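Just below is one structure, and these are the notes that go with it.
This is a predicted model, so every value here is computed, not measured.
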2 protein chains.
Amino acid sequence: MEKQPDRAEKYRRSVPSPTLEDVATRAGVSTATVSRCLNNPSKVAKTTRERVLEAVRTLGYAPNFGAQALAAKRTNTFGAIIPTMENAIFARGLQAFQEELQRNGITLLVASSSYTPELEEQQIRGLVARGADALLLIGHARAPQVYEFLDDRQVPYVITWTYEDFQSRISIGFDNRKAMKCLAERVISLGHRNIALITSQRKDNDRASHRCEGIQDAMALHGIDPEGLRIVETPYTISNGADAFASLMESDPRPTAVLCGNDVLAAGALLQARKMNLDVPGDVSITGFDDIEIAQIVTPALTTVHVPHREMGKGAARLLLGMRNGQMPTSSTELEAHVVLRDSLGPAPRM
Amino acid sequence: MEKQPDRAEKYRRSVPSPTLEDVATRAGVSTATVSRCLNNPSKVAKTTRERVLEAVRTLGYAPNFGAQALAAKRTNTFGAIIPTMENAIFARGLQAFQEELQRNGITLLVASSSYTPELEEQQIRGLVARGADALLLIGHARAPQVYEFLDDRQVPYVITWTYEDFQSRISIGFDNRKAMKCLAERVISLGHRNIALITSQRKDNDRASHRCEGIQDAMALHGIDPEGLRIVETPYTISNGADAFASLMESDPRPTAVLCGNDVLAAGALLQARKMNLDVPGDVSITGFDDIEIAQIVTPALTTVHVPHREMGKGAARLLLGMRNGQMPTSSTELEAHVVLRDSLGPAPRM
DNA sequence: GCAAGTAATGTAAGCGCTTGCATTACACGT
DNA sequence: ACGTGTAATGCAAGCGCTTACATTACTTGC
């Protein structure tokens, strides 16, 4: 019996992955039928289908990704570009995103941009080049040519970690400004008038800048000059948070409340407060933002803003899945973020 | 002037990505030359090369990933399968891994297995199917058919987060057993005799089981019956750590030292201790493992084992890069993990 | 000035899959 | 028994790239 001798000849170095053709031969059908069996089972007769699937199983066939992408012009791969993998900020949302994708048979590609616009653009182009069918992006702030590129290529994307109604781009997230304003009002209502903010770079980061504006909104609303808000910008690590807090505590007048742009910076501030023998919240109040795990772990537990991590991730996946099938959502969706009162915020100390 | 009218006809829906052929036409050369220009510049005359690169630039050409993968049989993509993205345990190492890959022009695909062997196998096959040139794996414990599969397909892989000399498989990491033994000896030398362990599932997890054995090694060495080690297994979350600690504190005799398989569980234990008004380390000592960020943040700061996250990530990348180019490393590499003494471990209380 | 070697480029055959269209098989009504 | 409609299948043309091999253009030594 002769058996595709040419093919057998070609591969010698290792056990070759079986191809569609191998499956077809074994099942006694054409490659077209096998392909349909896998992608469009309803178009194949039941008995044939069973025969084919049997062959697939015994051969351990798995489609060649490149070939499939090339022929079908889709990869069943979505991409996500997040600012950092170093800390847990985006982890939970990403996990939810990926779970939802997996449930729909699509694979996730993750890239991190290290909060650098140039790198982010490069990553976006890279992911599109490697066939990402859709993209998850964090925040709105990026160069217009990036959006042009995406629109030209008709790559669906959603923006998350923020919600802005007026944007034509679809987003799913919460209103950073409103959420921070809410927290700030709480702070102010406890008598704090000397307020400071430790934040990560606001340039190219709409989340950070909106949070800052939220505080100023609250101040204005309560008759405090928003210009009086002392702001320290520093990259996103615990020790930077600590340093920023230290410098703030040396200023005069000393703030009675130090709001932080995120929990990581707040944790650093808390650490430093302890080192300086300052009682929190007795001597100074500290708040965070994001409500990641560490917020509950630090002492005192951090008053912060809880963010709908998993809802954003899952929701973004749903949106993207829909968009890939041609259902363009008509509007962005706003999720709720809410203040979580724990122990690090208290009344302003009497002078 | 006629210009490939057929091609223009084919695409209408959106701006098509320029193809190799477009570049070739524009530069007045064949596609082969363009391809060589991009992948093997030395084989092309300087003047031609410049002309081609110019065309690439103005057209904004980027290679089609699928086509490239199909034709070249490599994707310049490495995969990593980690047990979880939910907490920071693997984040730092992964970040280092990806930075090193990026520096070498290769893209990282990340999948998480949720500590489930079946899911992990599926993810591995998935990543290979989509053309991963090499794989980063955590720990040795997995079904033999997985290794067979990888070997058959000649997919290079390295195991990390563990080091075992006797294994034929290449690994880069540290000796979990030795590291934990070292910590346990410290604990014992402080007078603790009643020791307990809170660990994640040890089945299918060699890191967890080796750490456990390390404690027992130390006990045996100091004349304590290793069977006396009380062990609670529980999944990997803060609240589980807290619950496990609570149940341990109810047992009789109460342990004076609770070692935890990782910092997350330890953080939970610490939290619970505070809730129960137990002084740490006055009433009970608690230790962690991994030295992730939270270890420094909790109160008291956690005595734990520092793990060479970034070295493992970067080293794994290097190894894999080499293997792809045919340099099979001859042996695994052992990195150092060391005990970090902070505040959560103290002398055993006098009975 | 010519053969011979080398460097630069072109030609074209796939890589493994999807899918529009053509073909075949089959059930049914008449 | 025959045409007709529909369901099932096969055929074959690409998808955009890489690369072995063929071809052409130059050098260079004699």
Side-chain angles (χ1 to χ4, degrees), chain A residues 4 6-7 9-11 13 16-52 55-56 59-77 128-131 133 153, chain B residues 4 6-7 9-11 13 16-52 55-56 59 61-76 128-131 133 153:
Chain A
Q4 64 275 43
D6 48 327
R7 177 165 296 288
E9 205 53 51
K10 271 182 234 154
Y11 299 89
R13 22 176 271 274
S17 297
T19 71
L20 239 213
E21 199 181 327
D22 297 335
V23 176
T25 310
R26 189 165 224 281
V29 297
S30 72
T31 60
T33 300
V34 179
S35 174
R36 275 188 287 257
C37 235
L38 266 23
N39 303 318
N40 229 327
S42 67
K43 317 209 96 181
V44 176
K46 189 159 177 240
T47 58
T48 331
R49 198 190 316 155
E50 277 162 4
R51 201 148 32 90
V52 170
V56 166
L59 256 33
Y61 169 80
N64 175 300
F65 175 72
Q68 192 165 318
L70 185 54
K73 296 184 183 318
R74 64 181 157 60
T75 58
N76 293 322
T77 298
V128 170
R130 57 195 323 107
D133 291 338
R153 294 284 193 283
Chain B
Q4 64 275 43
D6 48 328
R7 176 165 296 290
E9 204 53 51
K10 272 183 232 152
Y11 300 89
R13 22 177 272 275
S17 297
T19 72
L20 240 213
E21 201 181 327
D22 297 337
V23 177
T25 309
R26 188 164 225 281
V29 297
S30 72
T31 61
T33 300
V34 178
S35 174
R36 274 189 288 258
C37 235
L38 267 21
N39 304 318
N40 228 328
S42 67
K43 317 209 97 180
V44 175
K46 188 156 178 243
T47 57
T48 332
R49 198 189 318 155
E50 278 162 3
R51 200 148 31 90
V52 170
V56 166
L59 254 33
Y61 169 80
N64 175 300
F65 175 72
Q68 193 165 323
L70 185 55
K73 298 185 183 316
R74 64 181 158 58
T75 57
N76 293 322
V128 171
R130 58 197 319 111
D133 290 340
R153 296 281 192 284

Practice problem: Using a heavy-atom cut-off of under 4.0 Å over every strand shown, decide if B:F65 touches base, sugar-phosphate, or nothing. | Solution: nothing

Quiz item: If an axis is fit to five pairs at each end of the helix from C:dG1-D:dC30 to C:dT30-D:dA1, what is the angle between the two, to the nearest 10°?
Solution: 40°

Quiz prompt | Between D:dG14 (P) and A:K73 (NZ): distance, integer Å | solution = 12 Å

Quiz item: Given atom CZ of B:R51 and atom P of C:dT9, what is their separation to the nearest angstrom?
Solution: 8 Å

Exercise. Identify the heavy atoms of B:A24 and B:S30 that sit nearest to each other, and give their distance.
Key: CB-C, 3.7 Å

Practice problem: Calculate the interatomic distance between B:R74 atom CZ and C:dC15 atom C1'; express it in whole Å. | Solution: 13 Å

Quiz item: side chain to side chain donor-acceptor pair (under 3.5 Å) with A:R51: which residues, sequence neighbours excluded?
Solution: none

Quiz item: Of all residues at least two apart in sequence or in a different chain, which pass the side chain to side chain donor-acceptor pair (under 3.5 Å) check with B:T75?
Solution: B:D133

Name every donor-acceptor pair, under 3.5 Å, that has one atom in a side chain of residues 59-71 of chain A and the other anywhere in the protein, sequence neighbours excluded.
from  : atom 1 : to    : atom 2 : distance (Å)
A:N64 : OD1    : A:G66 : N      : 2.8
A:N64 : OD1    : A:A67 : N      : 2.8

Quiz item: Between A:N64 and C:dC15, is there a side-chain N or O to OP1/OP2 distance below 4.0 Å?
Solution: no

Practice problem: Would you mind reporting whether B:R26 and B:V23 have side-chain heavy atoms less than 4.5 Å apart? | Solution: no

Atom pairs, protein N/O to nucleotides 10-13 of chain D N/O, distance under 3.5 Å:
from   : atom 1 : to    : atom 2 : distance (Å)
D:dG10 : OP2    : A:S30 : N      : 2.8
D:dG10 : OP2    : A:S30 : OG     : 3.0
D:dG10 : OP2    : A:T33 : OG1    : 2.6
D:dG10 : N7     : A:R36 : NH2    : 2.8
D:dG10 : O6     : A:R36 : NH1    : 3.2

Quiz item: With sequence neighbours excluded, what pairs up with B:R49 under the side chain to side chain contact (heavy atoms under 4.5 Å, CB included) test?
Solution: B:C37, B:P41, B:V44, B:K46, B:L53

Provide a list of protein-nucleic acid N or O atom pairs under 3.5 angstrom, restricted to nucleotides 6-8 of chain C.
none

Exercise. Would you please name every residue forming a side chain to side chain contact (heavy atoms under 4.5 Å, CB included) with B:A72, sequence neighbours left out?
Key: B:R74

Quiz item: How long is the line joining CG of A:L38 and P of C:dT18, in whole Å?
Solution: 7 Å

Self-check item: Shortest side-chain distance from A:S35, nucleotide among C:dC15, D:dC15, C:dT19
Solution: C:dT19

Practice problem: Provide, to the nearest angstrom, the distance between the CG atom belonging to B:L70 and the P atom belonging to D:dC17. | Solution: 12 Å

Quiz item: From B:L20 CG over to B:T25 OG1, what is the distance, rounded to the nearest 0.5 angstrom?
Solution: 10.0 Å

Self-check item: Gap between atoms CG and P, on A:D22 and C:dC15 respectively (whole Å)
Solution: 12 Å

Exercise. Check the distance between C:dC17's P and A:N39's CG and give it to me in whole angstrom.
Key: 11 Å

Quiz prompt | Spacing of OG1 belonging to B:T33 relative to CZ belonging to B:R36, to within rounding of 0.5 Å | solution = 5.0 Å

Quiz prompt | Value in whole Å for how far the C1' atom of C:dC17 lies from CG of A:N40 | solution = 15 Å

